[in-house]
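Only this structure's heavy atoms are used, side chains among them; waters, hydrogens and symmetry mates stay out. Whatever order the structure lists them in is the order used to number ligands and atoms, beginning at 1.
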Amino acid sequence: MLVSMVGLMQKARQEGYCIPAPAVENEHTVRACIAAAEAKNSPLILISLFKVNPDIMMFGRIITDIALRTRVPIAICQDHGATYEEAVWAIRAGYTDIMVDRSSLPYEENVAQVKELVKIAHAVGVGVEAELGHVGTNSDGPDDSGEGTGSSVFTVPAEAASFVAETGVDTLAVSIGTAHGPYKGTPKLQFDLLRQLRETVPVPLVLHGGSGTGDENLSRACKMGICKLNISNDLKRGAIAALTAQDNLMGMGAYKMYPLLAQGYTQTLEHYIDICGSAGKA
Ligand SMILES: [Zn+2]
C-alpha cells in the first residue's frame, strides 16, 4: 500500500525503531527494495533524487503502481529537492513526501523557502522533510581520523525546535556526524547531541549518509530517535558484489545480470532492515 512517510515515522518514533530509506533509480531497484520489505514485513520509504531518472512522471507512475499492489506500507519521498519546481514536479508525479533541502542557505532563507512548500504540500496531503545544520559530502574535506565530516555543520537543538515551529515541517534531517559518500574511516557520531535533539525537537528525525556509518553506530542511533535512515552507496556496493562474484560475466548476457544486481540490493537492504529494527513492523 502507498502511504505518507509521516505516519510511519511517528509510529517508529513512539516505538523506538527506524524505517530504512533506500535510494531507488528505476523499476529494478524499486522491485528489489520492495522484495526486501515484504520478506521482512517492514515498512519502507523509497527515496529518489530529481535527476536520477530522466522522466519523473513515468517513474512516479512506476513506483506508485508497484507500491499500490504491495502488502507492506511504502512511502516515496523526493530526496534533496533543490528547487521550488522540483518539489512541485514530485507532488504531481505522485510522491507521498518531499524533502526540501535548503540547508546550505542562511537560517531565515531556509525557513522562508521550506514554509512556502510546506503550505503547498500539506494542501494535498504530502509530507515534508527539511534539513537544519548541514550534512556535507566526504569529498569536501579530510576525514581519515573518522572525526571530520567534510563541509558538515552540526544541528543546534534549540534552533531546530524553532525551525520546526516556524515552518510546520513534518520531519527533520539532522547533522550529527555522518556525511554523504564513502568514508575513509568509521565516522564518530555525536550521540549526546542526538539525545538533546530527540528531547527538544517534536517531530521524527532523519539521518542521511547511512552507508559506511557502521552497524553499531546505526543501531544505536535508530534506538535513540532516528526514524528514517537514508542508504544509497551500500546498496550499490551489494549489487556490484553480487554481480562480480559470478565467474563468466561476458558469457552470461545482460538480461541475466539484472536479477543478480537486484539480489545484491535486496540482501543488503534486508540487513539494514534488521539494523533499523523495522522487521515485523508493517
Ligand atoms: Zn542526503
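- Every residue two or more places apart in sequence or in another chain that forms a side-chain contact (heavy atoms from CB on, under 4.5 Å) with Leu2 is listed here: Thr64, Ala67, Leu68, Ile76, Thr96.
- Protein N/O/S atoms found under 2.8 Å from the Zn ion (ligand 1): His80 NE2, His180 NE2, His208 ND1.
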inquiry  = Assess the residue pair Leu235 and Leu269 against the criterion (side chain to side chain contact (heavy atoms under 4.5 Å, CB included)); give the C-alpha distance rounded to whole Å, side-chain angles, the decisive distance to 0.1 Å, and a yes or no.
reply    = CA-CA 7 Å; Leu235 297 171; Leu269 182 55; 4.0 Å; yes
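- Pairs of residues two or more places apart, or lying in two chains, never qualify as ring-ring contact (aromatic ring centres under 6.0 Å, His included) while including a residue from residues 55-78.
- Between Arg220 and Glu216 there is no salt bridge, since none of the side-chain N atoms of the basic residue sits less than 4.0 Å from a carboxylate O of the acidic one.
- Taking the six-membered ring for Trp and thresholds of 30 and 60 degrees, Tyr258 and His28 have nearly parallel ring planes, at less than 30 degrees apart.
- The salt bridge (Lys or Arg N to Asp or Glu O under 4.0 Å) search around Lys115 returns none, not counting sequence neighbours.
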